[in-house]
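One structure below.
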Amino acid sequence: MNPVEGSEDPRLEHLVDGIVRLAAGELDARIEPSERGDAIDAVITGVNLLAEELGHIYTELEERVAARTAMLRRTQVELEHMAKTDALTGLANRTLLNERIQEAIRTGTESGGAPAVLVLDLDSFKAINDTLGHSAGDAVLIEVSRRLRSVVRASDTVARLGGDEFAALITGAGADEVMLIAHRVWEALQESIDIGTETVWTTASIGICLRDGGYSAEEMMRDADIAMYQAKAQGRNKVQLFHPDMLNAVQERSRITAELRTAAESGQLALLYQPVIELASGKVTGVEALIRWHHPVHGTIMPDNFISIAEETGLILELGRWVLHEGIAQLGRWKQQAPQLTDFRLHINLSAAELLRSDLVGDVTGTLTRNEIEPSRLVLEITESVLMSRRTVEQQVLEKLRAVGVGLQIDDFGTGYSSISYLRDLPADTVKVDRSLINNLETDSRQQKFVAAILQLISAAELEAIVEGIETAGQAASLQAMGCLYGQGYYYGRPVPAAEILARISHSEPQM
Ligand code: C2E
Ligand code: CA
Ligand code: CA
């Protein structure tokens, strides 16, 4: 017999109801037992206890799920944070900065306040890393980021873009305030940084992009970057606001780079030759090769407008190779046309980067041999900054060049690092005094004394001096009176095509 259907006891109905509610998840449902205390009440109490227990288990489960969910959420936030911050400094990284700039542009457009982006590059960080090691470098980066944070407002974003490059997003500030903040940033980096027992200085070049609407985050970053490079180019440790002209200049440079790449192949490069004169006799003792770029559209472009670009892009290696081959081949042609010119020398300008060419020495000797030219008839002109840097690689190349008998000349002497004491043990045999030193030679007696002292110094170091940029008879006479033996300049002859050189020599009674 079915006990539920067959019974009149209402408790059984409550019991079934209760179990159905419990089964439906109503865990706080309870069944009222009677006062009889019989078997049915015992079952009711048992079900109530089970329900109680189930309730506990359920709550516990819920708590555990909540805890797990929170943990997962935290991990996710941490992962997101890691993906958007720089591990070393804890600053925002490029991704996060980019997001914030986009957001600032959006809200700025609504509120009418344009955001500003600052890009900052440390000026001498590589030297710190190289000389004090990477952990010192890291300490500097951490200190720099601390200083950056301390001078911007809490609502601004400071980011590390990588290496020693940082950026800041400044929102809700007018142009004047942005410039003020940029200068505070600049100032914060003027103070020395202590790392252990060492004290270092690291200044920064800062570029700012401050533009109204219609600008993307990428464009803001690009322009701040361009301004930063401008600050670097102007001598570093500077704040520079972006101006659209700068973008044009950058585009112009990349156009020049692309065209320069093919200039040599398409025969657009040419060498002019400027006589080197023995002052006492007026004889031409050699020539300096000076490059020109005959551009099909822009006409003749002077080296000052493309050599630095070639140096930055590495094209200088290609260019230098062409100059070397063309110059030495021309020397070979002169030798055939005028065999009596036994002592005639060719000067070629070498850029710093060319000294790092692994095949330089082989290329120089090989080209000389092919053209049957003695090494002593080639003089390589190298600016003094290269010689002063005293890096072993360059030193070794210079020593090798000297060992094969090629002449080495310090160019632009007096413009840069001229540390007099170095002069004595430089791997060079001649020194070319820069033309800026003889500007006021005729009128300024102090300048005369100064140049005379420099010439004496060069001779004391057992080097031969040549002065460039002689434009007047007066300068020539002064220099001769000071005992200077060699000179070069418009007064004696401008740079001219190869074809004009032999005629020029015959006028000056060539050395036989
Ligand atoms: P630099 O080596 O100091 O060459 C001397 C520069 O002064 C040349 O300019 C020359 O034309 C100019 N000059 C000569 N005499 C006088 C004078 O009396 N007065 C004045 N005001 N200037 C005079 P240029 O040809 O424009 O060359 C500029 C620079 O470009 C050179 O300076 C050199 O650093 C670089 N350069 C030229 N050709 C080459 C090359 O083939 N390779 C490399 N790496 N650099 C080159
Ligand atoms: Ca030169
Ligand atoms: Ca020079």
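One-based numbering, in listed order, for ligands and for the atoms of each. Below, all heavy atoms of this structure are taken into account, side chains as well, without hydrogens, waters or symmetry copies. Given the structure is predicted, the values throughout are model-derived calculations rather than measurements.
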* Asked: Under 4.0 Å from any heavy atom of Gln274, which atoms of ligand 1 are there?
  -> 14 (C), 15 (N)
* Polar-atom distance check: Glu381 versus ligand 1, any N or O pair below 3.5 Å? -> no
* Kindly assign one of parallel, tilted or perpendicular to the pair His298 and His295, based on the angle between their ring planes and the thresholds 30° and 60°. => tilted
* Asked: Under 4.0 Å from ligand 1, counting heavy atoms only, is it the side chain of Pro495, its backbone, both or neither?
  -> side chain
* To do: Check each of Leu290, Asp412, Ile470, Asn349 against atom 2 (O) of ligand 1 and report the one with the nearest heavy atom.
  => Asn349
* Asked: If you check every N/O/S atom of Glu288, which is the one nearest the Ca ion (ligand 2)?
  -> OE2
* When you look at CD of Gln251, are more than 12 heavy atoms from neighbouring residues, nucleotides or ligands closer to it than 6.0 Å? -> yes
* Arg333 and Gln330: side-chain donor and acceptor closer than 3.5 Å? -> yes
* **Straight-line distance of Leu341 CG to Lys335 NZ, nearest 0.5 Å** => 11.5 Å
* Structure fact -> For Glu288, the atoms of ligand 1 under 4.0 Å from one of its heavy atoms are 2 (O), 4 (O)
* **Heavy atom of Gly320, distance to ligand 1 below 4.0 Å** => no
* Structure fact -> The side-chain contact (heavy atoms from CB on, under 4.5 Å) partner of Arg160 among Val144, Leu97, Thr89 is Thr89
* **Under 3.5 Å: N/O of Tyr491 near N/O of ligand 1** => no
* Examine Gln488 against ligand 1 and note whether any of their N/O atoms are separated by less than 3.5 Å. => no
* Among Gln274, His347, Glu468, find the residue that satisfies the side-chain hydrogen bond (donor to acceptor under 3.5 Å, both in side chains) test when tested with Gln488. => Gln274
* Asked: Going through the distances and angles, do Met221 and Asp225 end up as a side-chain contact (heavy atoms from CB on, under 4.5 Å)?
  -> CA-CA 6 Å; Met221 285 296 292; Asp225 220 39; over 6 Å; no
* Is the closest heavy atom of Lys432 to ligand 1 under 4.0 Å? -> no
* Structure fact -> Between the CD1 atom in Ile373 and the OG1 atom in Thr365, the distance rounded to the nearest 0.5 Å is 13.5 Å
* Asked: What is the distance from atom CD of Gln230 to atom CZ of Phe242, rounded to the nearest 0.5 Å?
  -> 10.0 Å
* To do: Take Ile291 and Ile307, measure what side-chain contact (heavy atoms from CB on, under 4.5 Å) needs, and give me the verdict at the end.
  => CA-CA 9 Å; Ile291 195 166; Ile307 289 286; 4.1 Å; yes
* **ligand 1 versus Asp411: contacting region, heavy-atom distance under 4.0 Å** => side chain
* Would you say Glu311 and ligand 1 have an N/O pair spaced under 3.5 Å apart? -> no
* **N, O or S atom of Gln409 closer to the Ca ion (ligand 2) than 3.0 Å** => no
* Should one rank Gly493, Pro303, Ser308 by closest heavy-atom distance to atom 37 (C) of ligand 1, which comes out on top? -> Pro303
* Asked: Counting heavy atoms only, which of Arg435, Arg494, Glu468 is nearest atom 12 (C) of ligand 1?
  -> Arg435
* To do: Salt-bridge test for Arg321 and Glu318: reply yes if a basic N is under 4.0 Å from a carboxylate O, no otherwise.
  => yes
* Just jot down the ligand 1 atoms closer than 4.0 angstrom to any heavy atom of Glu471, in number order. => 17 (C), 18 (O), 19 (N), 20 (C), 21 (N)
* Asked: Quick check: does Leu271 get an N/O under 3.5 Å from an N/O on ligand 1?
  -> no
* Asked: Roughly how far apart are Glu165 CD and Leu122 CG, rounded to 0.5 Å?
  -> 9.5 Å
* **Ile307: numbered ligand 1 atoms lying under 4.0 Å from its heavy atoms** => 43 (C), 45 (N), 46 (C)
* With the Ca ion (ligand 2) as the reference point, give the N/O/S atom of Asp411 that is nearest. => OD2
* To do: Please check if any side-chain donor atom of Thr203 sits under 3.5 Å from a side-chain acceptor atom of Asp123, or the reverse.
  => yes
* To do: Of all N, O or S atoms in Glu381, identify the one at the shortest distance from the Ca ion (ligand 2).
  => OE1
* Per-atom contacts of ligand 1 with Met302, taking only distances under 4.0 Å to non-hydrogen atoms -> 26 (O)
